[in-house]
**Student:** 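Here's a structure for you.
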Amino acid sequence: MFMQFLFLLSLLSLVSAGSFSSVQPLCHDDESFALLQFKESLIINQSTSAYSKISSWMAQSSDCCTWDGIQCDENTGHVISLDLSNSSLYGSINPSSSLFQLVHLQKLNLSINNFNHSEIPVGVRRLSKLTHLDLSYSGFSGKISSEILQLSKLVSLNLALNPLKLHKPGLRSIAEKLTNLEELVLSEVDISSTVPSILANLSSLTTIFLRDCGLHGASFSGKLPNSVGNLKSLYCLDVESCNFSGPIPSSFANLTKLTYLDLSENFFSRGTLSWVGKQTKLTMLRLYWTNLYGDIPFSLGNLTHLTTLSLSRNELIGPIPSWLANLTQLTNLYLQKNILQGPIPTAIFSLMNLQTLYLSSNQLSGIVEFDLFRELNSLSFLKLSMNNLSLLIDPSYNTVLQKFRLLGLDSCNLGDFPDFLRNQDQLEVLTLSMNNIPGQIPKWITNFSKYTLQILDLSGNFLTGFDQTPYALPWTNLQILDLIYNKFQGSLPIPPPSIVVYQVNNNMLSGIISEMICDLSSLSFLDLQYNDLSGFLPQCLKDLRNLSTLNLRHNKFHGSIGQIFMKGSKLRMISLSQNHFQGPIPRSLVNCVMLEILDLGNNHINDVFPSWISFLLELRVLILQSNEFHVAIRILPNLEGMESFGVDRATHMQGQIYIRNNGWAWAFSYTYSMELTNKGIKRECWRILDSFVAMDLSGNKFDGEIPNIMGNLKALNMLNLSNNVLSGSIPSSLANLSNLESLDLSQNMLSGEIPPQLVDLTFLSFLSVSQSSCGTYTTRETIFYIWNQFIRWKCRIVRKPIVQKMC
Ligand SMILES: *[C@@H]1O[C@H](CO)[C@@H](O)[C@H](O)[C@H]1NC(C)=O
Ligand SMILES: *[C@@H]1O[C@H](CO)[C@@H](O)[C@H](O)[C@H]1NC(C)=O
Ligand SMILES: *[C@@H]1O[C@H](CO)[C@@H](O)[C@H](O)[C@H]1NC(C)=O
Ligand SMILES: *[C@@H]1O[C@H](CO)[C@@H](O)[C@H](O)[C@H]1NC(C)=O
Ligand SMILES: *[C@@H]1O[C@H](CO)[C@@H](O)[C@H](O)[C@H]1NC(C)=O
Ligand SMILES: *[C@@H]1O[C@H](CO)[C@@H](O)[C@H](O)[C@H]1NC(C)=O
Ligand SMILES: *[C@@H]1O[C@H](CO)[C@@H](O)[C@H](O)[C@H]1NC(C)=O
Ligand SMILES: *[C@@H]1O[C@H](CO)[C@@H](O)[C@H](O)[C@H]1NC(C)=O
Ligand SMILES: *[C@@H]1O[C@H](CO)[C@@H](O)[C@H](O)[C@H]1NC(C)=O
Ligand SMILES: *[C@@H]1O[C@H](CO)[C@@H](O)[C@H](O)[C@H]1NC(C)=O
Ligand SMILES: *[C@@H]1O[C@H](CO)[C@@H](O)[C@H](O)[C@H]1NC(C)=O
Ligand SMILES: *[C@@H]1O[C@H](CO)[C@@H](O)[C@H](O)[C@H]1NC(C)=O
């Protein structure tokens, strides 16, 4: 009824509008109606800032040809183009949508909307006149159906940035059926096939975007066919992160129209840049992480239109050629993470348009006068870190013209804080680690880039402290502060509340932790290990709701740990070892349901075995060694993290955050480390394999028998019960611990036989039962014998390589 009323209205207004526009034929009623129906079927998301073209469509203003986003054929009046891109549309499109009544459409652009996981509707086949179809970034999902192949007039097809699958039909069918294609954009579409060589028959193709097509779902792999070289019209090819293997086809030499080429992050076989040189129109050449080796070839000097050149993360050797200065248009030059040697050629400093210059992590050497950078007025991003460079900064160089946003000057032989930083008020990232900067951090540093600085790394210097009190630091947007391995003394400096990562371990900080730390509500990683901090833990630590890592190892904290763990805790790693903590383990620890590592070793904790930790389903490493735990070990029948086999990946236990910004991205990862007594030897494990599962209860006063149920903790790689007062016999259930590499039962009062089943443990390479009161196995010889038995047995039986689960 309502629709009929609208329709009537539109007819009425059609008549009145007609008197104004006599040249332009009026829009056809059925199309106008179809458009309004389409509008009705969707919701406009009011929370976006984008203006919705559809919102102005009214039945009253009848000439739909004048509506926003619509274009009609001048002669026939049929709607031939509909552009509703970025119009805040939300809702599903079904196969019978009135949209598909617009059969004269030649261009349809629905990109940047949210079609609520609709499949690309089969009705689309009715739009057989389409030449341009853009459905990118609009929330379509599912399989791309074969109806799309009926749009044989398509010149441009863009389905990028949707969780779509191109399987059956695949890329081959597209190449076979849509022979007029000039633009094919399928970035992030899951293409589960190799690149069919028939793609090369699409001789009119100018643009191929397949970026990230292999990362989602099933694999997209295989080689880039050499026939790609036949696509002579190609000016844009982007296959970044597509999991290609095999060589980069030499036929690329023939793609002389290319202006944009991105082959980064694929698994190409080792190759050189010999094919580069004739693509003289290139403005963008990105070959990041493509397994290149050899020199930077002379022929690159031909590409004088280049604005961006990325060759980073390859194995390029030799010097940075001074003829790079011929590429006068360069704005972004990425050469980091190669094996480039020699000095930075002064010619580089004539590239006046440079905005980004990344030369870090090479083997460059020599003295660099920072003064030379003065001329590069646009330079905002500069990384020279991790070379063998000595940066000379003239102290009078403090009137720098350019404003840096990122400065990476790690290990540049700096002996002082560069004075020019004083006037840098737009820095977002500053890294000065591994230099020789001594003493107090000058007062002015806390004044520079106050509102912009997000990452500050001063680690590995000889810094003693901030020249200021109180200890709250001023950068209001600082997210990562790394001060490790310095000589900081006095109280713990407190970063601003924006901080996410705060590492100040391996310094000489003393005194208590100020309660101001509890205001750091975003804090996720806190590492204070290896300092001289003392006193009680502030109980307000419970307010740090986002904390995932709490490492206070090797300080002088005392008192009870307290109720610092709240519901909803995100803690994954807690190390309080090597302090003077007393009293029981706080029961509030059960709130840490994500906890993977708990290290309370070397304290004076006085408690019974915390059997309630069985609620911590992720717990994989439990270290209670050298405390005052007592009475019999009582393990509840479910300790899931230790029972299941865990993750079987050879990655290391770590926490990560990723900060992305306009112009740079920062991946921070915190690798968990701890001291482990493994196979009788105490050592620092800097990395712990993800699959490592361990329990160390040694050096306590646990008595009674080893509970049978311990045999349920099947994932254990290491079990240390030594130096307690355990008695009785060794339960044969321990033979169920089929992943055990190290079992230490020594210095107890165990008696009886070593269960022969223990010999069946595939990975066990260390077993110590020395000094148990039972006479049979106490002598060194016997232990040695058992040791050897295991080793020989392993050599004889085990054919697959032994997986070392330890760090
Ligand atoms: C509406 O727009 C807001 C802001 O862009 C977005 O966060 C939200 O997900 C959108 N809602 C839908 C249903 O698309
Ligand atoms: C969408 O349009 C709004 C303004 O209407 C603009 O700010 C935004 O950048 C556009 N989004 C995209 C992805 O182009
Ligand atoms: C569709 O609209 C978007 C955003 O306005 C635009 O960037 C894109 O080029 C359009 N697609 C086509 C094929 O014209
Ligand atoms: C979005 O999809 C869901 C699930 O299919 C459906 O329940 C919901 O009604 C849809 N929303 C709109 C606005 O179409
Ligand atoms: C593709 O091109 C090759 C050689 O140019 C030709 O032999 C082949 O028939 C073509 N395939 C199709 C399906 O057109
Ligand atoms: C990449 O391709 C290889 C085969 O070449 C395949 O085994 C692997 O799963 C693919 N990786 C991804 C992420 O698709
Ligand atoms: C470039 O194209 C020419 C002619 O089409 C061909 O003879 C030559 O082999 C091609 N070069 C490469 C490296 O594929
Ligand atoms: C440089 O470009 C010219 C034509 O622009 C070409 O003749 C020459 O072979 C190219 N040099 C290399 C090394 O490819
Ligand atoms: C760089 O330019 C100079 C002259 O402008 C020229 O002689 C030289 O050959 C060029 N180098 C390369 C590698 O193209
Ligand atoms: C670093 O450079 C100095 C001279 O600048 C040189 O003596 C030293 O051997 C270089 N070190 C390395 C590792 O290349
Ligand atoms: C901090 O900066 C302001 C303005 O940028 C300046 O006036 C003030 O003197 C600076 N303070 C120090 C200690 O450098
Ligand atoms: C805590 O972390 C979540 C996501 O990890 C984030 O959305 C939230 O903003 C953080 N809270 C604070 C106070 O930073």
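Counting starts at 1 for both ligands and their atoms, following the listed order.
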**Student:** In a single word, yes or no, tell whether C65 and C72 have an SG-SG distance below 2.5 angstrom.
**Tutor:** yes

**Student:** Distance under 4.0 Å to a non-hydrogen atom of F298: what atoms of ligand 9 satisfy this?
**Tutor:** 13 (C)

**Student:** Would you say S92 and N116 are linked by a side-chain donor-acceptor pair, where the criterion is simply a distance under 3.5 Å?
**Tutor:** yes

**Student:** With a 3.5 Å cut-off and no angle check, do the side chains of N353 and T331 form a donor-acceptor pair?
**Tutor:** no

**Student:** What are the atoms of ligand 9, with element, lying closer than 4.0 Å to any heavy atom of G301?
**Tutor:** 13 (C), 14 (O)

**Student:** Do other residues, nucleotides or ligands put more than 12 heavy atoms under 6.0 Å from F349 CZ?
**Tutor:** yes

**Student:** Going by the atom numbers of ligand 2, which of them fall below 4.0 Å from some non-hydrogen atom of I112?
**Tutor:** 12 (C), 13 (C), 14 (O)

**Student:** Checking side-chain polar atoms at under 3.5 Å, does H305 have a donor or acceptor matched by the opposite partner on K281?
**Tutor:** no

**Student:** Which protein heavy atom lies closest to atom 13 (C) of ligand 4, and at what distance to 0.1 Å?
**Tutor:** Y90 CE2, 3.5 Å

**Student:** Do NZ/NE/NH1/NH2 and the carboxylate oxygens of D425 and K403 come within less than 4.0 Å?
**Tutor:** yes

**Student:** Just checking, any donor-acceptor pair under 3.5 angstrom between side chains of N388 and S365?
**Tutor:** no

**Student:** What residue and atom, counting heavy atoms only, is the protein's closest point to atom 1 (C) of ligand 2, and at what distance?
**Tutor:** N86 ND2, 1.4 Å

**Student:** Who's the nearest protein heavy-atom neighbour of atom 10 (C) of ligand 4, and how far?
**Tutor:** N116 ND2, 2.4 Å

**Student:** Which of the numbered atoms in ligand 4 are under 4.0 angstrom from any heavy atom belonging to I43?
**Tutor:** 13 (C)

**Student:** Is the shortest distance from atom 8 (C) of ligand 9 to a protein heavy atom below 4.0 Å?
**Tutor:** yes

**Student:** With atoms numbered from 1 as shown, which atoms in ligand 2 lie under 4.0 angstrom from a non-hydrogen atom of Y51?
**Tutor:** 5 (O)

**Student:** Nearest heavy atom to atom 6 (C) of ligand 9: which of L303, L300, N326 does it belong to?
**Tutor:** N326

**Student:** Say whether S88 and N45, considering side chains only, have a donor N or O and an acceptor N or O under 3.5 Å apart.
**Tutor:** no

**Student:** For atom 4 (C) of ligand 4, is the nearest protein heavy atom closer than 4.0 Å?
**Tutor:** no

